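Beneath this line is the structure, given in C-alpha cells, with notes to follow.
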Amino acid sequence: MIRFDDVWLKYHHQERGPGALARDVLRGISFKIPDGGFRWLTGPSGAGKTSLLKLIYLAQHPTQGRIDIMGTHAAKISRRDAALLRRRIGVVYQDFRLLAHLSAYDNVALPMRLARRAEHQVHADVTEILRWVGLANRLGALPDELSGGEQQRVAIARAVVGRPKLLVADEPTGNLDDEQAGRLMTLITALNRLGTTVVVATHNHALVEAYPAPRLEMAEGRLTAHG
Amino acid sequence: MAKRHTDPLGLHSALEDWMLPVLVAAMSFLAALAIAGALASTTLAAQWQNDTAAALTIQVPQPGAPDAANNATRLAAVQTALQTMPGVTNPQLLSADALNHLLAPWLGTDAASLGLPLPAVITATWSGPGAGDSIAAALNKLAPGTLAQTGTQWAARVTALTGSLQTCAAAVLVIVALVGGALVALATRAGLAQRRDTIETIHGLGALDADIASRFASRATILAVTGAAAGALLALPVLLWLAMLAAPFASPIPQPGLTSGLTNGLARSLASMPPALWTAMPCLPLAAAVIGWCSAQLTVRGWLRKLV
C-alpha cells in the first residue's frame, strides 16, 4: 500500500544559500493506493507530478507529512533498508536514465545484478523482456545507438525485469508510437493483474481513456481529484 | 548474447588513471627515503654509540715527575694501575708522533719544540659503568691532576640526534600518509562528480552504499598500490647510492683492492643497508592499499549521504 498523509515538499535553492527554500512544490497531499492498485497521475506541466513520483520511489524526502511505501514509514528506515526497498520498485524515468557505457542488455540486467541474481536467471529474464519490447536484435547496442523510442523501451524493460511490487512510470509512452504504447500498456496491466501496484504519470488523455482506472489529478502542487 | 559488463560505474576509465598513481609514487618515494633515513640513522648511531662510549682517554700531566708515593714516575704509576683496573682494557700510550699529529691543527707540526708542558696521553677501552669518574679519582691519588674522559657524553648527544632524526622521519611519514589520503579523496571526488548521474541511477535502482563505495575503493586501491610499488622501486637505486656513500661510516674500512669495482661496491652497499629496510619497502604498497581503500570508502560514503 502507498499512503501519503498531509505531505508537503519544498526544494532548497542552493544558490540562495543553505536553508533557503523555494515555493511549495507539493501542498498537503493525502491519498492511499491499496496493494495491487492502479492509478493514473494527471495534471498540467508543473503541477508536481514528477515530484510526487520521486517521493513514491524514495528519491526525495518530504518537507512535512508522512509517507508509507509498501507498509514502511519512509522517513524511518535505514539507508540499507531504503536501498532494499528500492529494489522492489520499478521506475521508468521521464529522461530514461540509461547508462551510456552499458549495452541495452546490460542496462536491463543492472537491477537484477544489483540484487545479486544468478547470471543464468539474469540472462533468461533480460532476453525475454527485451524480446517482449521488440528489441531482441538490439541487445548489444549502446544507448547512443538507439532511437528515442528504443531507449524508452529499454528503460521500461529495466523497470519491469525484476517483477517489482510497485511500478512507477513518468510519461512512459512519450516517445512511443501507438502500437508500442499499446504493447507497453498490455505489459503494465498484466503486471498489475499479477499484483504489482502501478502509478503512471501521463499527459496522454487518449491513453487514460483507453485504459480506465482511478486518477490522481494534480494542479499547482495540490491533489484536485482522487478516485 | 551481449558481453557481460561487470562494472556499471565504468570505473576502469575513472579516477584520473595516470595522475593518481604518479602522485602516489612520489609520496611512496619520499616515504622510502624517510624510512631509510630513520633506519640508517638508528644503525649508525648504535655503532657510533658503542665506539664512542667505549673510548677512554687519560691525560697525565708532568709524566716524568715522581708519583705520590715517590716510587716511580707518574706515568709509570698510572700505566701500572690501569693494567689491573676493572673495566679498563688495552691501555696504549700515545706516541710523540701521534700526539704531534693530534695537536698539529693548534700547535703546528712540532709541538715538542715549543717547550710546552704536554701531558702524556693514554687511550684505552672502557667497559665499566658510568662516565669513568671513579678512574679519575683512583688515578689522581697516584698522579694528581690526571684527567680521565669517556665518550659517554658524546654518546648521549648521538642518542639525542638519532631521536630527532627518527622524529623527523615519523613526521614525514605521517605527512606523506595524510597527503596520500587527500590525493585519493580528491581523485575519488572527481570520479564521483564525473559519474553523478550514473551513481544516482544505480542508487535509485537499489544499489547499497557499500556496493558503490566498494567499487570506488577497489579501483582507488589498485591505483594506489601500483603507484606505491613504482615509487618504492624508483627509490631503490637512490637508496643504494646513499648506502654507498654511508658505507665507510657503517663498517670498518676494508682492505685496498677488495673495494675496487662496481660489484664489490654494490655488495658493500647492499650489506650496509639496514635489514629492516627490506621488510619496510614491501610495506609501502600495503600501506598505500590501506590508505587508498579507507580514503575512498570514507569519501564515497560521505558523498552518498547527500542522496536520499
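Every chain is numbered from 1 and lettered A, B, ... according to where its sequence line falls, protein lines coming before strand lines. What you are looking at is a predicted structure, and each value in this text was computed from that prediction instead of being measured. Any value given below was found using the heavy atoms of this structure, including those in side chains, with hydrogens, waters and symmetry copies removed.
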Pick one of side chain, backbone, both or neither for [X], based on which atoms fall under 4.5 Å of a heavy atom in chain B.
| X | answer |
| --- | --- |
| Arg79(A) | side chain |
| Ala82(A) | neither |
| Arg158(A) | side chain |

- Message: Check whether Thr127(A) reaches the backbone of Ala124(A) with its side chain - one donor and one acceptor, N or O, closer than 3.5 Å.
- Response: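 The answer is no, because no donor-acceptor pair under 3.5 Å joins these two groups.
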- Task: Just say parallel, tilted or perpendicular for the rings of Tyr105(A) and His123(A), cut-offs at 30° and 60°.
- Result: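 Ring orientation of Tyr105(A) relative to His123(A): tilted.
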- Check ion pair Arg116(A)-Asp211(B) (N to O, under 4.0 angstrom):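 Between Asp211(B) and Arg116(A) there is a salt bridge, with a charged N closer than 4.0 Å to a carboxylate O.
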- Examine whether an atom of Asp209(B) lies under 4.5 Å from a heavy atom of chain A, and if so say whether it belongs to the side chain, the backbone or both; otherwise answer neither.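 Side chain only.
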- Query: Does any donor atom in the side chain of Ser51(A) or Gln60(A) lie under 3.5 Å from an acceptor atom in the other side chain?
  - Reply: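 Note: Ser51(A) and Gln60(A) side chains miss the donor-acceptor criterion.
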